[in-house]
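Notes follow the structure.
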Amino acid sequence: MLRFLLRRIASIPLVAFGVVLILFLLFKSVPGDEASFVAGATATQAEIDAIRIALGLDRPLPEQFIRHIAGLLQGDFGYSTTFRGNPLPHILSRIPATLALTASAILLTIVIGIPAGIIAGANRNRWPDLVISFSVVGLLAVPNFWLGMVLIAVFSVSLGILPSFGADSILSLVIPTLALSARLIALVARMTRGVVIEELRKNYVRTARAKGLGSHAILVSHVLRNVLIPTVTIIGLQAGYLLGGSVVIERLCAWPGIGDLMLTAISVRDYTLVQAITLIFVIGFMLINIGVDLLYRFINPRLRYG
Amino acid sequence: MQRRQFLTAAAGAAALAALPATTLRAFAQSGSGTITYGQSTSILTLDPAHGAFTGYPGGYEAALLLFDRLLDFDADMKIVPQLAQSYEMSEDLQTCTISLRSGVTFHDGTPLDAAAVKFNIERMMNKDINTTNRPLWDPISGVETPDDTTVVITTSAPFAQLPNTLAHGSGAIVSPAAIEKFGEDGFAQNPVGAGPYELEAFSPGQELTLKAFAGYWGGKPGADRIVFKFIAEPATRISALTTGAVDIIDSVPVQLVSQLAGNADIEVINRPGLRPIGLIINLTRPTLSEVKVRQALNLAVPVVTIAEKVFFGYAQAPDSPLAFDAIGHKSVGELVYDQEKAKALLAEAGYAPGADGIVEKDGARLSLALYVPEGLFPGDVAVAEIVSGALKQIGVEAVITKIEKGAYWDYLRQDKASMVWDLAMFGFNPSNASGTYHLASLFKSNADDNGKPDVWNAGRYNNPRVDELLNLADTAPAEADRLAALGEAQDIIWADAPHVWLQVNENVSAARKSVSGVAVMPIVFTTLRDAKI
Amino acid sequence: MSNVLAVEGLTVNLTTQDRSFDVLSDISLTVAQGEILALVGESGSGKSMTALSIMGLLPDPVAAVTSGAIYFDGIDLARADETTMRKLRGNRIGLIFQEPMTSLNPTMRVGPQVAEVLELHKGLKAHEARARVEGIFALVRIPDPKSRYDNYPHQMSGGMRQRVMIAIALACDPDLLIADEPTTALDVTTQSQILDTLRDLQAELGKATILITHDLAVVAETANRVAVMYAGRIVEQTSTEQLFATPRHPYTVGLLHAIPRDEAMPGEGRGRLVEIPGSVPALWNLPKGCAFAPRCSRATQQCQDSRPSLVDIQPGHQVACWHPVEAEI
Amino acid sequence: MADIPAAAPRRFRRTHNVYLWFGSSLLGFFIFLAIFGPMLAPYDPTEQDLFALLEGPSATHWLGTDNIGRDIFSRILAGTGYTVSIALSSVLLAGIGGVALGSVAGYFGGKVDRVLSGIIDLLLTVPNIVLAIAIASVAGSSAMGLTIAITASFIPPLARLVRSKVIELKEEDFVAASVTIGMSHWRILLHHVLPNALTVIIIELSLNAGQAVLIGSALGFLGLGVQPPAPEWGTMLGASREFLTVAPHLIMAPGIAISLLVLAFNTFGDGLRDFFDPNLEK
Amino acid sequence: MSALLEVEGLTRHFAVTNSAGNSIGTVHAVTDVSFKIGAGETLGLIGESGCGKSTVSKMVVRLVEPTRGAVVLEGEDINKVSFSRMKMLRKRVQMVFQDPFGSLDPRQAAEDIIAEPLLVHGMRSKSERRARVVELMERVGLRADQMRNTPAAFSGGQRQRIAIARALALNPALIVADEPVSALDVSIQAQVVNLMVDIQKELGLSYLFVSHDLGVIRHISDRVAVMYLGRIVEIGRTSDLFANPGHPYTRTLMDALPKPNPARRLSKKRVPRGEIPSPLNPPTGCAFHPRCPLATDVCRQQLPALRPLAGGTQGACHHAA
């Protein structure tokens with residue numbers, strides 16, 4: 001287990017390196033003059049040239065990339081025009097907000113999505129299933145940002161019972177969490193339903209019935225754990241959706257996380273910041289997946305007792 | 001089961017632990033004595049040397065409280081002393097002698113004396129540190145400190161606007177000790193000034209908390225604490241105000257003003273701005289170098305309707321290249337919406353409608369590239385869409401390209417060969433309130449029209465008479481002469497129509513009635529210096 | 001010997017999206033205490049359906065008993081409610097399935113999977129059940145029962161898992177044991193071991209047992225009596241000895257000849273096996289008369305027109321055939 | 001029932017596929033609108049009436065007007081073409097890219113696979129909307145830029161899917177049988193492996209099309225979409241955000257249009273899945 | 001009889017990784033297997049699951065590359081020939097798989113499946129191909145009017161007939177049949193076995209016939225090789241092997257096989273001991289020693305080589321007579 005963990009963690013820098021390279025090349029292909037974005041609106045050509053030299057933008061690409069990597073290794077993400085320097089501390093200060101949002105979305109997904117899927121799967125083609133499956137189909141079609149807008153329109157603007165912006169109280173989490181997790185809840189419910197139906201067809205369930213167990217007992221003591229194994233994987237795979245979705249939702253709800261910061265960075269063409277945040281997203285995604293793998297191993301005896 | 005409960009609990013704990021301290025802070029804290037201001041722009045840096053267009057004007061508004069300046073603008077943009085007790089310009093407009101208020105200290109306890117002021121002015125003169133606002137500071141050639149409370153500033157040429165510069169946001173006086181302590185890079189996050197409020201907490205881009213500075217020379221300010229919160233969404237800003245989560249908001253979208261006005265707890269504060277919005281016309285294009293075409297474009301756009309309908313009356317159609325409240329403004333014309341006349345002018349210029357309704361001359365369709373930033377000016381994209389629609393009516397095609405605001409300036413300020421636009425939306429905010437500064441920035445001919453524009457004459461307008469008049473407006477010893485020159489310049493520019501004039505927006509903020517003393521300045525800023533709760 | 005189970009005229013209908021047809025038609029059989037009745041037939045003949053009907057585990061609502069009765073201890077299982085059935089299943093009727101690899105819950109240790117039955121039906125506490133389970137493990141020849149108790153299924157071989165399945169079936173000392181292809185998925189050496197254990201248990205415990213298999217050789221080595229099924233019906237039923245000595249139904253004869261035999265000539269000659277031509281008809285598309293008629297060399301017009309019923313042609317030997325094979329082989 | 005021939009090929013058996021029926025009708029409706037919408041629109045989608053701003057639904061403007069007095073109904077109709085064609089073309093391009101990458105990696109394995117899978121896995125660690133946002137910010141605001149961004153963000157997951165399906169099929173005996181008769185690997189890939197992966201790919205593409213609409217509209221919402229005055233739905237939503245309190249009806253029409261189109265693609269995909277393999281659960 | 005196929009020292013080891021990608025050892029699937037098959041001869045390969053018989057059959061048709069050893073077909077080592085030569089050699093060896101569901105492309109019609117080898121090997125004319133398909137279908141007992149049906153429309157037995165027809169299309173010298181009848185019902189099994197026997201008589205081809213079913217193997221084979229944990233433990237003429245099984249494992253297999261003889265029910269049988277060890281870590285010495293009634297210390301330490309036994313077969317046992 002420990003070896004597995006170490007190996008997975010060791011793979012992070014490798015992947016990070018690849019992502020850094022891809023982003024580096026991507027953003028080097030942006031039209032326009034990087035130095036003049038940095039210099040600002042009223043800079044003269046001489047000033048822009050000075051900045052170009054100061055930031056090493058006059059060097060050949062490979063050298064720029066090596067400097068970039070060397071900087072990253074020392075925790076220097078480069079020159080962000082927004083923060084006039086290394087954006088890392090500012091990004092770090094915003095991570096907790098994104099973490100809170102995504103964690104509460106995952107929590108809500110687990111608390112609603114999995115039970116809903118189990119209820120639907122266990123009552124296949126009966127009314128609870130129809131209600132849940134219908135909701136799932138609906139939720140999967142609705143854009144999360146629009147759902148957020150509707151929630152704001154209803155609960156903040158019309159009813160005035162929920163704050164619609166910022167991160168002031170635990171209530172502030174409600175709308176962004178709902179908007180962010182709705183699709184994931186639907187996905188997880190739907191997949192869980194499928195897994196439950198599939199598991200219920202398996203021979204060990206037939207054995208349990210042959211033992212004289214009732215449907216409820218079979219569901220709880222036999223099927224549940226087998227259902228959780230694939231479900232955990234699904235949630236892990238969807239972590240990317242969650243992190244990505246947070247970008248849009250944070251902007252909509254003025255939630256002060258790194259997704260919101262990323263959009264700000266894009267609107268001012270602060271590509272240093274965009275790259276840094278994307279890298280943070282990637283590392284976050286990998287960490288979540290390592291966590292999920294650990295959990296997966298924890299639930300699945302086949303992997304625990306190889 | 002136990003394992004499941006454990007997992008759930010662990011996830012819950014993780015989520016709670018992940019909430020930042022600021023997130024969990026309840027409303028309770030914003031009780032008595034705290035004013036919370038929901039800003040439409042974020043504060044990223046608090047160094048006056050940073051032009052920070054990215055966070056403009058959020059940072060300036062905080063700077064007004066953190067830092068005092070030698071001079072200040074009053075509500076009508078008249079220059080009044082602040083840290084200076086008095087000031088005097090010499091006859092030749094090349095020297096300004098300032099007598100400092102004595103006994104003033106910075107938040108860090110160090111004295112604000114002539115040396116500190118000299119340090120500040122020299123810092124702003126340093127091109128490596130102050131990369132923006134150059135036209136405000138470049139004329140200054142030296143600073144002398146005859147004694148602890150006297151500062152003498154000299155300029156290389158007559159510079160009537162020097163007091164405006166000192167009253168400008170970049171004229172904020174910062175603590176030299178703090179600069180030394182935090183370094184040029186660190187100061188932006190740890191600002192120390194001599195204003196009525198000092199820094200308590202700062203998370204750039206999100207929230208800034210200032211607390212009353214006990215040692216302020218002007219006495220205790222109106223609130224114990226002022227919190228600046230960045231709320232990008234207008235709708236969320238407004239709901240924050242109506243629910244009382246914040247006390248003041250800025251940039252109230254005009255369509256929402258009537259809604260707020262109906263709320264008994266809320267007061268709407270509005271003030272015409274100093275920034276006329278228009279489209280810079282690329283005069284290097286042969287088609288657009290023809291004045292009749294430019295006049296036709298101006299005639300084709302229903303500017304009065306835009307001001308009244310799109311901006312709900314919280315805007316006006318300009319009557320001069322300068323905004324109404326700018327110092328030196330003179331009403332030089334009236335914007336007429338007359339598409340028939342526009343068409344006639346086009347016909348005079350040799351254009352005839354082509355097959356698709358777009359006018360042509362010598363087989364070339366009159367199709368213009370209209371560049372517009374997103375989110376930089378009020379209703380920028382919507383206005384561009386209206387202009388495009390209106391021009392279509394007279395047979396001129398305007399294809400819109402919208403650019404992220406951060407990259408916009410780069411498109412605007414290109415050398416001649418790289419100019420991709422024919423029309424580009426622009427609005428200049430003369431943050432030192434000087435009409436001369438305004439016109440000079442926009443219409444003074446460039447040293448080299450092939451290179452990048454010197455300031456904001458991106459359309460390459462070139463009229464020697466205007467250059468002459470603007471020079472006079474800066475250097476003529478008598479104020480009356482200066483104003484006359486400025487007036488004539490406005491006449492000429494208006495007639496030449498180097499821009500498509502659009503509208504002058506009002507700056508609209510709103511405050512809960514529990515807070516008083518909130519003012520909106522013509523230069524966009526909402527100031528809380530005199531705010532009380 | 002008293003009958004533990006008596007199935008009378010059982011007919012089961014299956015309804016799918018497209019069609020509805022009988023998967024079992026008029027099945028009658030009895031199993032007495034201490035007896036092993038083998039149900040033998042090829043895939044689709046209905047032997048597993050019979051087991052599921054007895055256990056009340058027909059896929060609901062797709063399949064349902066439409067007529068007939070299943071008497072067990074005075075109860076008609078075909079009409080019993082779910083509560084009654086739950087009390088019988090695993091308690092008084094034990095069931096062993098074909099696939100030992102998938103019939104155990106992969107995420108649960110094997111011991112508790114056996115103990116569960118005892119806790120459910122005998123009200124035992126977990127620690128009491130453990131001792132009993134270890135005893136049952138020993139009974140079904142699982143070596144080292146104490147440590148095996150805590151194994152997960154994937155840590156065991158196929159043979160061991162099948163022993164666990166047998167332990168589950170036997171845990172509550174049932175009156176009736178149903179073994180559905182218990183050795184089909186196993187290797188021949190493992191099969192031999194499991195069959196040996198089943199035979200020993202039969203000798204020790206004397207349960208009434210239904211053994212479902214497609215392998216006549218397994219039948220010969222294990223069962224007292226045999227019912228041969230074809231296309232949802234029993235076509236021949238008699239004692240094992242009788243069946244192998246004098247099979248009367250042409251299908252049974254065909255099956256017996258199709259097996260490459262011990263006694264047949266060794267390799268080199270490579271004579272032809274006796275084959276049954278054609279293939280099993282679809283249950284939803286059965287011929288009007290005898291279902292085997294299209295493949296039968298003895299078939300006449302009568303066979304095509306009307307269906308023979310299962311009748312005694314001599315005491316203890318029932319055949320459903322208009323033209324049974326003469327009693328010689 | 002190993003030896004019972006299936007009576008009829010299963011594709012003729014399913015008549016009650018509600019998903020497929022509903023999905024294809026709705027999709028057909030949208031495609032109809034995409035083609036004929038502009039002709040049906042009562043107004044020019046860019047025509048402004050500055051004296052009728054932010055109006056609610058009425059007889060003259062069925063869905064009301066936007067902040068510069070354009071008819072929302074006409075804009076929704078005119079916007080269908082953008083959204084549908086961006087979704088379809090990006091999914092099609094992503095399909096081509098994903099199939100090419102995934103099948104080569106999966107079928108030939110070894111070093112080729114290690115390199116290609118390495119790149120695919122790398123890109124998969126970037127959340128797809130983040131990737132799309134990054135690419136859109138480079139590619140610029142245009143239908144082309146949007147298509148490139150969506151395509152690029154869909155290729156990695158598709159390639160992975162195709163790769164795993166190809167690896168699965170490669171293990172099938174019919175592929176081994178093709179090898180033993182001397183067939184070349186390219187031919188096996190094209191004639192045996194890919195055709196059998198096709199249904200999975202088509203289903204996935206159809207579901208991806210729904211996702212493409214969501215991502216495309218999210219980019220539009222964030223201002224990274226098409227250029228004004230193009231009536232792209234996400235962009236319309238982004239523009240109406242400011243008017244949420246005074247004119248909440250502005251968010252309804254584009255939001256519902258997006259949701260219905262996504263619903264159409266999703267149910268169509270689900271229907272296809274049921275059609276090809278009724279035993280597969282979603 | 002000159003050997004059509006000569007297999008020499010064939011070995012295949014797989015590295016095994018767990019789901020996390022960690023190597024957990026090497027599976028000794030096949031080790032040092034040698035045998036010959038003459039023209040017109042059938043070699044039966046028998047063993048229980050995991051004994052490596054399938055891997056051997058796959059190596060013979062070069063679906064799996066051997067770790068060591070050679071497969072020599074008509075004098076050529078198939079692992080050393082050029083790409084184009086291999087294509088020609090493939091015409092000589094064809095394979096029939098166990099699973100008649102998986103070995104046919106579900107999207108192809110029977111005709112296309114059977115005609116595919118013809119197409120691949122250059123029979124361009126469609127009418128020629130069709131004629132050959134009709135001939136082949138009739139030969140394997142299928143009606144030509146079914147040729148446009150896809151595999152789903154055929155029963156398991158019929159599908160196996162299609163697979164045999166495909167294998168026959170190129171007139172191979174050798175057909176490798178990997179458990180060709182295991183998935184079929186008894187009555188159908190007999191049909192397919194008979195078909196294969198008939199075809200052999202008619203065309204004089206050779207079979208490598210892999211099965212776990214002693215009865216079928218005995219019926220069809222001229223010679224039989226018994227595999228246990230990747231090695232051949234006994235090989236010999238069918239009559240010799242069944243009459244006088246020399247290796248204890250061969251005897252165990254025969255004892256374990258149920259016989260359709262009710263008289264045996266009541267007699268006490270020899271029941272095999274223990275379980276098949278994992279090929280991941282096969283026992284040292286003779287792999288059968290943990291289960292062998294004859295095992296001694298030498299069996300635990302030394303690997304027995306194949307040697308002639310008294311019964312006429314060759315066996316790898318220290319103790320067999």
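When reading the values below, keep in mind they use all heavy atoms of this one structure, side chains included, and skip hydrogens, waters and symmetry mates. The chains referred to below are lettered A, B, ... by the order of the sequence lines, with proteins before strands, and numbering in each begins at 1.
Ranked by heavy-atom pairs under 4.5 Å with chain A, the list D:Leu261, D:Leu219, D:Leu222, D:Thr267 is led by D:Leu222. Across A:Val136, A:Leu140, A:Ile283, the residue that shares the most heavy-atom pairs under 4.5 angstrom with chain D is A:Leu140. In terms of non-hydrogen atom pairs under 4.5 Å with chain A, the most contact-rich of D:Ala139, D:Gly118, D:Pro127 is D:Pro127. Of the listed residues (D:Ile215, D:Asp121, D:Ile256, D:Leu122), the greatest number of heavy-atom pairs within a distance under 4.5 Å of chain A belongs to D:Leu122. Between chain A and the options D:Ile119, D:Ile133, D:Asn128, heavy-atom pairs under 4.5 Å are most frequent for D:Ile133. Between chain A and the residues D:Ile251, D:Asn266, D:Val126, D:Ile129, the largest count of heavy-atom pairs under 4.5 Å involves D:Ile251. Between chain A and the options D:Leu224, D:Leu237, D:Leu263, heavy-atom pairs under 4.5 Å are most frequent for D:Leu237. Among A:Val137, A:Val274, A:Leu243, the residue making the largest number of heavy-atom pairs under 4.5 Å with chain D is A:Val137. Most heavy-atom pairs under 4.5 Å with chain D, from the set A:Leu147, A:Val248, A:Leu14: that is A:Val248.
Both the backbone and the side chain of A:Leu26 come within contact range of chain D, judged by heavy atoms closer than 4.5 Å. Neither the backbone nor the side chain of A:Ile288 comes within contact range of chain D, judged by heavy atoms closer than 4.5 Å. For a residue to count as touching a neighbouring chain, one of its non-hydrogen atoms must lie under 4.5 Å from one of that chain's; by this rule A:Met149 touches chain D with backbone and side chain alike. For D:Leu131, no part sits under 4.5 Å from any heavy atom of chain A, backbone or side chain.
Nearest heavy atom pair, residue D:Leu123 against residue D:Pro156, reads CB-CG, 3.6 Å. The shortest heavy-atom contact between A:Ile266 and D:Ser137 is CG2-CB, 3.7 Å.
The shortest distance between side-chain heavy atoms of D:Leu20 and D:Asp274 does not fall below 4.5 Å. Looking only at side-chain heavy atoms (C-beta outward), D:Val130 and A:Met262 come within less than 4.5 Å of each other. Looking at heavy atoms from C-beta onward, A:Leu200 lies out of side-chain contact with A:Arg124 at the 4.5 angstrom threshold.
Salt bridge absent: A:Glu198 and A:Arg201 never bring a charged side-chain N and a carboxylate O closer than 4.0 Å.
Distance check: A:Ser80 OG to A:Leu261 CG gives 8.0 Å after rounding to the nearest 0.5 Å. The structure places CG of A:Leu184 at 9.5 Å from CE of A:Met191, a figure rounded to the nearest 0.5 Å. D:Leu146 contributes atom CG, which lies 9.5 Å from atom OG1 of D:Thr151 (distance to the nearest 0.5 angstrom). Distance check, rounded to the nearest 0.5 Å: OG1 of A:Thr233 to CD of A:Gln238 gives 11.5 Å. Rounded to the nearest 0.5 angstrom, D:Phe32 CZ and D:Leu27 CG are separated by 14.0 Å.
For the salt bridge (charged side-chain N to carboxylate O under 4.0 Å, His left out) test, no residue two or more places apart in sequence or in another chain qualifies with D:Arg160.
Using a 4.5 Å heavy-atom cut-off against chain D, the contacting residues of residues 15-23 of chain A are A:Val15, A:Gly18, A:Val19, A:Ile22.
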